[in-house]
Q: 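Dropping a structure here in structure tokens format, bear with me for questions.
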Amino acid sequence: MKATIIDPEAVDWVRLDGFADRTVFQTREWLHFVRETQRAKTVLCELADGGETVGYFTGLVFSRFGVRILGSSFPGWTTPYMGFNLRQGASRMAALAAIERMAWDTLKCLHMEVSDPFFSVNDGKDNGFTCESYASYRTDLTQTEDKLFSGMDSACRRCVRKAEKSGVTLEEAHDLDFADEYYEQLKDVFAKQGLVPTYNVERVRALVRNLEPTGRILLVRARDQEGKCIATGIFPGFNKIAEFWGNASFRSSQSLRPNEAIHWYAMKYWKRRGIEIYDWGGEGTYKEKYGCVPHRVPWFTKSRFNFISKLRGQAKAMFERKQRFEGWLQNRRKSPEGVVTDAGEA
């Protein structure tokens with residue numbers, strides 16, 4: 001199989017979106033979002049076997065610390081997977097090998113990472129890749145709504161009912177101000193753990209700007225009886241899979257159970273639009289109360305030189321230490337009453 005880079009400005013995106021294995025993370029608008037927030041360049045490849053086109057590859061190329069990288073996806077992009085769109089019967093193992101040759105020889109990359117929801121572990125291992133995984137949970141939305149609701153544990157069902165009885169109302173949002181509301185709540189969520197968010201508010205604004213006009217993202221607000229926005233949720237979806245991208249709420253209002261109500265709304269919303277899978281966007285045992293099941297997507301990494309793989313691990317550890325320090329510093333700057341003060345007064 002051979003990979004040929006094609007111009008993303010000239011490609012027929014409608015035809016690409018017609019592939020049965022297409023996800024929202026491969027769409028033009030999502031790539032614009034990643035390109036904008038990561039200073040990356042879109043890479044689209046046509047894959048041919050025996051002179052016949054059998055599919056396409058979606059990724060982006062960028063540089064970190066002078067190292068040129070091909071990502072499809074990459075840690076920190078808030079994008080769990082990208083990968084391939086292939087005709088039935090085409091080999092993902094052969095497609096991965098073709099993209100590796102293209103990454104080293106044509107793009108002159110020194111490192112690459114590929115995650116595809118339809119990979120098997122052997123697709124990477126047999127090509128010499130290190131196999132990690134994107135670990136999450138999934139809910140089967142082909143079940144009836146009654147079965148989905150009864151599949152939640154009893155405490156979770158009570159939380160959904162409590163939100164309604166407490167006067168919590170849900171609304172779909174279509175405005176850019178939503179991003180700032182979500183981020184204020186997200187900061188409160190991280191502060192509870194002594195941390196700060198792993199991305200800035202502009203990441204959320206870019207997501208809303210690029211995806212909201214497409215109808216491929218659900219933005220939900222929860223309001224209390226006084227009309228205050230107390231919780232928010234972000235759920236992109238396309239074709240067969242919808243994703244839990246983010247959810248945040250103010251700690252002072254969590255007793256009203258808006259988060260459970262938002263998730264139940266999102267599941268019903270995407271089910272009614274033909275989505276078959278609700279992916280819970282990562283690990284977290286609290287998600288098990290919704291009746292979902294564990295799921296892993298293979299994530300393959302490879303470097304041309306061993307020292308680059310070591311740098312990746314060191315960079316990840318450095319980021320985690322930086323996040324913990326910034327959270328500690330932010331807490332130090334607050335008085336016992338929660339009023340922000342100068343560091344010298346804290």
Side-chain angles (χ1 to χ4, degrees), residues 1-13 16 19 21-23 25-49 51-86 90-119 123-132 134 297-316:
M1 195 177 294
K2 294 183 179 179
T4 303
I5 296 174
I6 57 178
D7 183 0
E9 299 302 321
V11 73
D12 184 350
W13 288 96
L16 286 183
F19 274 81
D21 55 0
R22 192 82 161 158
T23 72
F25 307 118
Q26 297 165 313
T27 60
R28 174 171 49 182
E29 294 79 14
W30 195 277
L31 291 171
H32 285 176
F33 158 65
V34 177
R35 188 177 66 188
E36 180 180 337
T37 56
Q38 303 300 322
R39 298 179 182 179
K41 181 180 178 181
T42 299
V43 174
L44 288 180
C45 293
E46 183 178 78
L47 294 157
D49 193 2
E52 180 183 359
T53 299
V54 295
Y56 296 87
F57 167 82
T58 301
L60 297 100
V61 67
F62 65 105
S63 294
R64 288 289 186 274
F65 307 109
V67 176
R68 190 168 170 85
I69 300 168
L70 174 64
S72 178
S73 174
F74 195 79
W77 285 5
T78 51
T79 301
Y81 40 74
M82 288 182 174
F84 300 92
N85 297 122
L86 300 177
S91 166
R92 272 179 161 72
M93 184 187 301
L96 181 62
I99 290 301
E100 180 186 0
R101 292 191 295 271
M102 182 273 302
W104 306 151
D105 299 340
T106 306
L107 292 177
K108 307 300 181 183
C109 291
L110 297 179
H111 182 78
M112 63 178 293
E113 308 203 5
V114 184
S115 182
D116 183 305
F118 301 97
F119 268 150
D123 290 335
K125 283 189 174 180
D126 289 353
N127 279 316
F129 282 76
T130 298
C131 184
E132 302 176 0
Y134 160 68
V297 174
W299 186 298
F300 301 137
T301 69
K302 197 171 191 179
S303 301
R304 295 207 75 175
F305 306 105
N306 289 335
F307 78 91
I308 295 175
S309 297
K310 295 178 181 179
L311 287 176
R312 177 186 184 269
Q314 293 170 359
K316 181 180 179 181

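Note that the numbering runs from 1 along the sequence shown for the chain.
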Q: Taking side chain to side chain donor-acceptor pair (under 3.5 Å) as the test, write out the residues that go with W13, two or more places apart.
A: none
Q: By side chain to side chain donor-acceptor pair (under 3.5 Å), which residues pair with R64, not counting sequence neighbours?
A: Q38
Q: Just so I know, are the side chains of T42 and H32 near enough to count as touching, which here means a heavy-atom distance under 4.5 Å?
A: no
Q: Can you list everything that forms a side-chain contact (heavy atoms from CB on, under 4.5 Å) with R68? Sequence neighbours excluded, please.
A: V61, S63, L107, C109
Q: Could you pull out all residues at least two apart from S72 that satisfy side-chain contact (heavy atoms from CB on, under 4.5 Å)?
A: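 For S72 the side-chain contact (heavy atoms from CB on, under 4.5 Å) partners, ignoring immediate neighbours, are F57, M82, V114.
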Q: Sequence neighbours excluded, which residues qualify as side chain to side chain donor-acceptor pair (under 3.5 Å) partners of R28?
A: none
Q: Between L47 and I99, is there a side-chain heavy-atom distance shorter than 4.5 Å?
A: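 Yes - at least one pair of side-chain heavy atoms lies under 4.5 Å apart.
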Q: What residue pairs, at least two apart or across chains, pass salt bridge (charged side-chain N to carboxylate O under 4.0 Å, His left out) with a residue in residues 52-61?
A: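 Qualifying pairs: E52-R87.
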Q: Quick one: are T23 and P117 in side-chain contact, heavy atoms under 4.5 Å?
A: yes
Q: Which atoms form the tightest heavy-atom contact between F84 and D116, and what is the distance?
A: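 Scanning both residues completely, I find the closest heavy atoms to be N-OD2, 2.7 Å.
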Q: Are the side chains of F62 and R39 in touch, meaning some heavy atoms are under 4.5 Å apart?
A: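 No. Closest side-chain heavy atoms not under 4.5 Å.
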Q: Can you tell me how far CG of L44 sits from OG1 of T58, rounded to the nearest 0.5 angstrom?
A: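 Result: 5.0 Å between the selected atoms.
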Q: Yes or no on side chain to side chain contact (heavy atoms under 4.5 Å, CB included) for F74 and L60, after CA distance, side-chain angles and deciding distance?
A: CA-CA 9 Å; F74 195 79; L60 297 100; over 6 Å; no
Q: What residues form a ring-ring contact (aromatic ring centres under 6.0 Å, His included) with Y81, not counting sequence neighbours?
A: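 With neighbours one apart ignored, the set is F25, Y134.
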Q: If you take all heavy atoms of I6 and E46, which pair is closest and at what distance?
A: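 Nearest pair, atom of I6 first, then E46: CG2-CB, 4.0 Å.
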Q: Distance check, rounded to the nearest 0.5 Å: F300 atom CZ versus S115 atom OG?
A: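 Answer for the CZ-OG pair, F300 versus S115, is 8.5 Å.
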Q: Are any of the side-chain heavy atoms of W104 and M112 separated by less than 4.5 Å?
A: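 Contact flag for W104/M112 side chains = yes.
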Q: Going by the rule side chain to side chain donor-acceptor pair (under 3.5 Å), which residues pair with T78 if we only count those two or more places apart in sequence or in a different chain?
A: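 Listed in chain order: R203.
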Q: If you measure from CZ on F129 to CD on E113, what distance do you get to the nearest 0.5 Å?
A: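 Nearest 0.5 Å value for the CZ-CD distance: 10.0 Å.
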Q: Heavy atoms only: give me the nearest A3-M102 pair and the separation to one decimal.
A: CB-CB, 4.2 Å
Q: Could you go through R304 and V67, starting from their C-alpha distance and side-chain angles, then the distance that decides it, and tell me whether this counts as side chain to side chain contact (heavy atoms under 4.5 Å, CB included)?
A: CA-CA 11 Å; R304 295 207 75 175; V67 176; over 6 Å; no
Q: Considering residues at least two apart in sequence or located in another chain, which fulfil the salt bridge (charged side-chain N to carboxylate O under 4.0 Å, His left out) criterion with E36?
A: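 E36 satisfies salt bridge (charged side-chain N to carboxylate O under 4.0 Å, His left out) with R209 only.
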Q: Looking at residues at least two apart in the chain, or sitting in another chain, which of them share a side-chain contact (heavy atoms from CB on, under 4.5 Å) with D21?
A: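 Per chain and number, D21 pairs via side-chain contact (heavy atoms from CB on, under 4.5 Å) with F19, N85, L86, R92, F118.
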Q: Taking all non-hydrogen atoms of both residues, which atom of A97 and which atom of N127 are closest, and how far apart?
A: CB-OD1, 3.6 Å
Q: With side-chain hydrogen bond (donor to acceptor under 3.5 Å, both in side chains) as the rule and sequence neighbours excluded, what pairs involving residues 1-10 come up?
A: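 Of all non-adjacent pairs touching residues 1-10, none passes side-chain hydrogen bond (donor to acceptor under 3.5 Å, both in side chains).
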Q: Return the minimal non-hydrogen interatomic distance between P80 and S73, and the atom names on each side.
A: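 What the structure gives for the nearest pair is C-CB, 4.5 Å.
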Q: What pairs meet the salt bridge (charged side-chain N to carboxylate O under 4.0 Å, His left out) rule with one or both residues in residues 99-110, with sequence neighbours excluded?
A: E100-K302
Q: Identify the two heavy atoms, one from M93 and one from D126, that lie closest to each other, and give their separation to 0.1 Å.
A: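 Taking M93 first and D126 second, the nearest heavy atoms are CE-OD2, 3.4 Å.
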